[in-house]
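Worksheet: the structure to be examined is printed underneath.
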Amino acid sequence: MKNSFVSTWIGWYLDNARDLPWRETRDPYAIWLSEIILQQTRVNQGLPYYLRFVESFPTVFDLASAEEDKVLKLWQGLGYYSRARNLMKTAKIVAFDRKGVFPNTYSELVKLPGLGPYTASAIASFAFGRAEAVIDGNAYRVLSRLYDIDLEIGSQKVYESFRQLATDLMMATKPSVFNQALMELGAVICLPKPICERCPISDQCLALQNKSIHLRPVKKKSKPKERQAHYYVLPITPTGDWILEKRPGKGIWSGLYVFPLLGEGEFNPKSPSFLQLKHLLSHKEMDLHFQIREFASIEDYPGAQLIPKDKHEEIPFPVPFLMALKHWKLL
DNA sequence: AACGCGGGGGC
DNA sequence: GCCCCAGCGTT
């Protein structure tokens with residue numbers, strides 16, 4: 001076979017694969033759940049969340065019937081909260097419109113909320129054995145180095161060329177295993193700073209030959225950072241209840257609960273009672289200021305909700321708000 | 001095509 | 001600091 005280095009690669013994967021729970025099943029529900037959790041998220045960060053989700057919601061029906069706040073509380077700390085909201089949308093579609101049966105083709109999968117080209121391909125191959133190549137950050141890195149490709153990542157056309165390349169390489173191999181091997185190499189060997197000495201196919205790597213590893217993949221530069229400052233107050237009523245706002249469906253922290261916003265930008269409280277936290281948020285550094293206001297009344301906060309004392313532990317918060325609550329020993 | 005969306009880990 | 005992560009939805 002011409003592409004015999006692929007069998008070397010597959011052999012390396014079979015011998016060295018990390019022991020990951022979603023690799024031991026073909027249940028589309030479990031695979032779908034793992035793929036959504038792992039979007040833009042490292043395995044080590046997502047794994048404990050995956051385990052808690054499958055325990056709390058063993059089937060798609062359990063997830064489809066769950067309270068939104070309970071799902072968001074379980075998602076708390078993972079980030080990209082619209083993933084959790086799309087997770088619930090898709091769970092309801094599959095459970096209630098499709099009687100619990102996931103679509104088994106790429107073209108049907110990609111229609112579901114939260115499933116794009118990568119995730120639809122992943123589920124089609126892992127759960128249904130279809131020959132759909134996955135192109136994620138790992139695949140871009142591995143393939144651009146293997147063939148020393150200087151195309152800039154980001155356009156539809158370049159995506160398609162990488163997908164076609166991976167599809168060609170996959171031909172003689174079981175699709176699910178090839179896709180796993182592709183991502184595994186990118187995740188443990190062909191890292192941004194690669195460990196070429198341990199790479200099973202380094203003798204095939206054109207970028208290594210051409211000493212251009214550090215130039216691959218070619219990516220667009222990230223934007224310069226901006227600074228923002230936000231000022232929040234946690235109003236507490238005389239009976240110890242909290243007054244919180246649930247964030248709207250779009251934008252930052254969608255669906256999570258935050259303290260009412262006093263001001264942002266140039267607003268400066270010049271008050272030492274504000275707790276200041278620096279928070280790194282999507283390449284932007286935010287200065288967050290928090291304060292407690294006791295003996296508050298819900299009347300003063302239109303659009304906010306009164307959260308009874310016995311519900312405080314069930315409320316999903318963004319991480320910086322958790323930090324503030326922990327600092328005040330309120331949670 | 002460009003941008004917004006989190007939080008964490010590695011160096 | 002900077003980069004990037006089993007990407008997707010919106011504009």
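Order of the sequence lines sets the chain letters (A, B, ...), proteins ahead of strands, with each chain counted from 1.
Near-neighbour residues of DNA chain B inside residues 30-47 of chain A, defined by a heavy atom below 4.0 Å, number-ordered: Gln40(A), Thr41(A), Arg42(A), Gln45(A).
Across the P atoms, dG6(B) and dT11(C) are found 15 Å apart, a figure rounded to whole Å. With P as the reference atom, dA6(C) and dC11(B) are 15 Å apart, rounded to whole Å. Comparing dA1(B) with dC5(C), their C1' atoms are spaced 22 Å from each other, to the whole Å.
Looking at Ser176(A) and Asn179(A), their side chains never bring a donor and an acceptor atom within 3.5 Å of each other. When only modelled atom types and interatomic distance are considered, Arg83(A) and Gln39(A) share no side-chain donor-acceptor pair under 3.5 Å.
Look at Arg141(A) and you'll find a side-chain N or O under 4.0 angstrom from OP1 or OP2 of dC5(C).
Ring centers of Phe53(A) and Trp75(A): under 6.0 Å apart, within the cut-off.
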- Task: Begin with the C-alpha distance, continue with both residues' side-chain angles, and end with the deciding distance and a verdict on salt bridge (Lys or Arg N to Asp or Glu O under 4.0 Å) for Arg163(A) and Glu160(A).
- Result: CA-CA 5 Å; Arg163(A) 195 194 60 78; Glu160(A) 182 53 31; 2.6 Å; yes
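Pairing partner, dG6(B): none, since no Watson-Crick or wobble contact has both distances short of 3.5 Å.
When all heavy atoms of Lys73(A) and Glu313(A) are compared, the closest pair comes out as CE-O, 3.2 Å.
Put simply, CH2 on Trp75(A) is 13 Å from P on dC8(C), counting in whole angstrom units. Spacing between atom CH2 of Trp253(A) and atom C1' of dG4(B) amounts to 14 Å, rounded to whole angstrom units.
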